[in-house]
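The next block holds one structure in the form of structure tokens; read it before the comments.
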Amino acid sequence: MDGTIQQESGEGGTGMANRGEILEYCARRLDVGAYQDVAINGLQVEGTDAIDRIAVAVSTSDRTISEAIDWNADALLVHHGLFWGSKLQPLTGLLGKRLGKLFKHDINLIGYHLPLDGHAEIGNNAILTSELGLEFAGRFGDVAGVPLGVIGKAAEPLELPDILNRLEDMLDRTPVAVGTEAEGNRYDRIGILSGSGYGTIAELAARDCRVLITGDVREPTMAEARELGVVAIAAGHEATERTGIQALANELATEFSVETRFFSDPNPI
């Protein structure tokens with residue numbers, strides 16, 4: 001998959017949506033206070049108070065900022081923002097250039113990280129579970145006591161090729177499977193943790209869940225999965241984290257009569 005995909009929602013904004021009301025809605029809807037995150041959730045860069053158009057992307061980059069500018073957006077809503085952790089840093093280099101563009105064009109940068117992974121309705125993992133045709137069967141992958149991942153149950157056990165084909169159809173990219181796989185194995189419980197969820201393999205194995213769908217894996221993941229009897233599927237970090245931010249944007253379009261457009265910046269990782 002190459003190039004930029006634009007997905008619109010909303011019927012044209014009114015220009016009257018207030019930034020503070022949008023932020024309050026998101027904080028409440030996503031239960032932001034429940035998460036201990038390395039990212040800043042909410043407003044990261046302040047722009048105009050009145051919001052009519054919201055550009056939407058998985059990650060903040062020069063490309064997605066430029067697309068927001070070209071579309072005359074008032075805000076850029078993302079899953080991966082610019083500020084992580086509490087360490088102060090010079091506003092130079094790539095960070096400085098990105099911030100400069102946002103300030104120059106009076107564009108708000110609004111980001112939601114873990115809350116958009118863990119939400120039970122519009123979170124990445126909840127939506128992926130539903131779109132794969134699985135029923136909710138539990139949670140896993142706690143971060144500071146809040147589970148992010150979802151265990152899904154198939155109505156009929158699936159072979160690995162079936163799972164991979166469903167993912168490829170959904171995400172428009174070929175997933176990579178590593179670990180233990182015997183021909184003819186069938187799986188009815190599948191763990192889903194978008195992004196970098198490879199660290200949960202041991203937890204899933206202990207719960208007799210033998211498939212993990214995540215975004216990306218590390219070099220040691222293959223051996224860990226093989227030794228624990230798990231198949232780990234890397235379906236793409238960006239690819240597995242589109243659904244939550246799109247769902248939130250759709251809600252904002254309905255709730256506030258703003259126009260939204262999703263800008264996809266496909267990443268092979």
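Predicted, not measured: the structure shown is a model, and the values here were computed from it.
In this structure the side chain of Leu128 never reaches within 4.5 angstrom of the side chain of Ile213, judged on heavy atoms. The shortest side-chain heavy-atom distance between Trp84 and Gln89 does not fall under the 4.5 Å cut-off. Two residues are said to be in side-chain contact when any heavy atoms from C-beta on lie closer than 4.5 Å; Lys101 and Lys97 fail this criterion. Residues Thr60 and Gln44 fail the side-chain proximity criterion, which asks for heavy atoms closer than 4.5 Å. Proximity of Ser61 to Asp265: side-chain heavy atoms (C-beta onward) are separated by under 4.5 Å at one or more points. Between Ser264 and Glu238, some side-chain heavy-atom pair lies under the 4.5 Å cut-off. Using a 4.5 Å heavy-atom cutoff, the side chains of His80 and His237 are in contact. Contact annotation: the side chain of Leu148 approaches that of Leu193 to within less than 4.5 Å [non-hydrogen atoms, C-beta and beyond].
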Check against side chain to side chain contact (heavy atoms under 4.5 Å, CB included), Asn124 and Thr240: CA-CA 7 Å; Asn124 292 316; Thr240 58; over 6 Å; no
Residues Glu241, Asp117; criterion side chain to side chain contact (heavy atoms under 4.5 Å, CB included); working and verdict: CA-CA 8 Å; Glu241 296 193 325; Asp117 291 318; 3.3 Å; yes
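Sorted by first and then second residue, the pairs that involve residues 20-50 and meet ring-ring contact (aromatic ring centres under 6.0 Å, His included), not counting sequence neighbours, are Tyr25-Phe256.
Side-chain N or O atoms of Arg166 include none that pairs as donor or acceptor with a backbone N or O of Gly133 at under 3.5 Å. Formation of a donor-acceptor pair under 3.5 Å by the Arg173 side chain with backbone atoms of Ala235 is found in this model. Asn125 places a side-chain N or O within 3.5 Å of a backbone atom of Ser194 that can act as its donor or acceptor partner. Looking only at distances, a side-chain donor or acceptor of Arg19 sits under 3.5 Å from a matching main-chain atom of Gly47. The backbone N or O of Thr48 sits less than 3.5 Å from a side-chain atom of Asn108, completing a donor-acceptor pair. Looking only at distances, a side-chain donor or acceptor of Glu203 sits under 3.5 Å from a matching main-chain atom of Gly141. Side chain of Arg139 to backbone of Gly118: a donor-acceptor contact under 3.5 angstrom is found. Here the side chain of Ser130 pairs no donor or acceptor atom with the backbone of Ala126 at under 3.5 angstrom. Using a distance-only test at 3.5 Å, with no hydrogens or angles considered, no donor-acceptor pair links the side chain of Thr260 to the main chain of Asn250.
Expressed to the nearest 0.5 Å, how far NZ of Lys153 lies from CD of Glu156 amounts to 8.5 Å. Here the CD-CD distance, from Glu219 to Glu224, works out to 9.5 Å after rounding to the nearest 0.5 Å. Leu164 CG to Glu159 CD: the interatomic distance, rounded to the nearest 0.5 Å, is 11.0 Å. We find the CG-CZ distance between Leu134 and Arg189 to be 11.5 Å, quoted to the nearest 0.5 Å. Going from atom CG of Asp37 over to atom CG of Leu114 covers 3.5 Å, rounded to the nearest 0.5 Å. Rounding to the nearest 0.5 angstrom, the gap separating the CZ atom in Arg226 from the CD1 atom in Ile201 is 11.5 Å.
At a threshold of 4.5 Å between side-chain heavy atoms, the hydrophobic network of Ile, Leu, Val, Met, Phe, Trp and Tyr places Ile51 and Leu252 in one connected group. Note: the hydrophobic cluster containing Val230 does not contain Tyr198 (ILVMFWY, side chain heavy atoms under 4.5 Å, direct or indirect links). In this structure, Val143 is a member of the same hydrophobic cluster as Leu204, with clusters built from ILVMFWY side-chain heavy atoms closer than 4.5 Å. When the side chains of ILVMFWY residues are joined at heavy-atom separations under 4.5 Å, either directly or via intervening members, Ile151 and Val146 end up in a single hydrophobic cluster. Hydrophobic clustering keeps Leu228 apart from Val217 (ILVMFWY residues linked when any side-chain heavy atoms are closer than 4.5 Å, directly or through intermediates).
Remark: Met170 CE is packed, more than 12 non-hydrogen atoms of other residues, nucleotides or ligands lying under 6.0 Å away. The 12-atom threshold is not exceeded at CD of Glu135, counting heavy atoms of other residues, nucleotides or ligands nearer than 6.0 Å.
Annotation for Gly197 and Thr214: closest pair N-OG1, 2.7 Å, computed over non-hydrogen atoms. Closest non-hydrogen pair, Ala249 versus Val56, comes out as CB-CG2, 3.6 Å. When all heavy atoms are compared, the tightest approach of Gly191 to Phe140 is CA-CE2, 3.8 Å. In terms of heavy atoms, Leu116 sits closest to His79 at CB-ND1, 3.9 Å. When all heavy atoms of Ile233 and Pro175 are compared, the closest pair comes out as CG2-CB, 3.7 Å. Nearest approach of Val32 to Asn41, heavy atoms of both residues: CG1-CB, 3.8 Å.
Other cluster members for Leu99: Ile40, Val45, Ile65, Ile69, Leu76, Val78, Leu82, Phe83, Leu91, Leu95, Leu102, Phe103, Ile107, Leu109, joined by side-chain heavy-atom distances under 4.5 Å among Ile, Leu, Val, Met, Phe, Trp and Tyr.
When each of Ile192, Leu132, Thr243 is tested with Ile127 by the rule side chain to side chain contact (heavy atoms under 4.5 Å, CB included), just one qualifies, namely Thr243.
A salt bridge between Arg53 and Asp74 is absent, with no side-chain N of the basic residue lying under 4.0 Å from a carboxylate O of the acidic one. Here Glu67 does not pair with Arg261 in a salt bridge; the nearest charged N to carboxylate O distance is not below 4.0 Å.
Qualifying side chain to side chain donor-acceptor pair (under 3.5 Å) partners for Arg186, counting only residues two or more places apart in sequence or in other chains: none.
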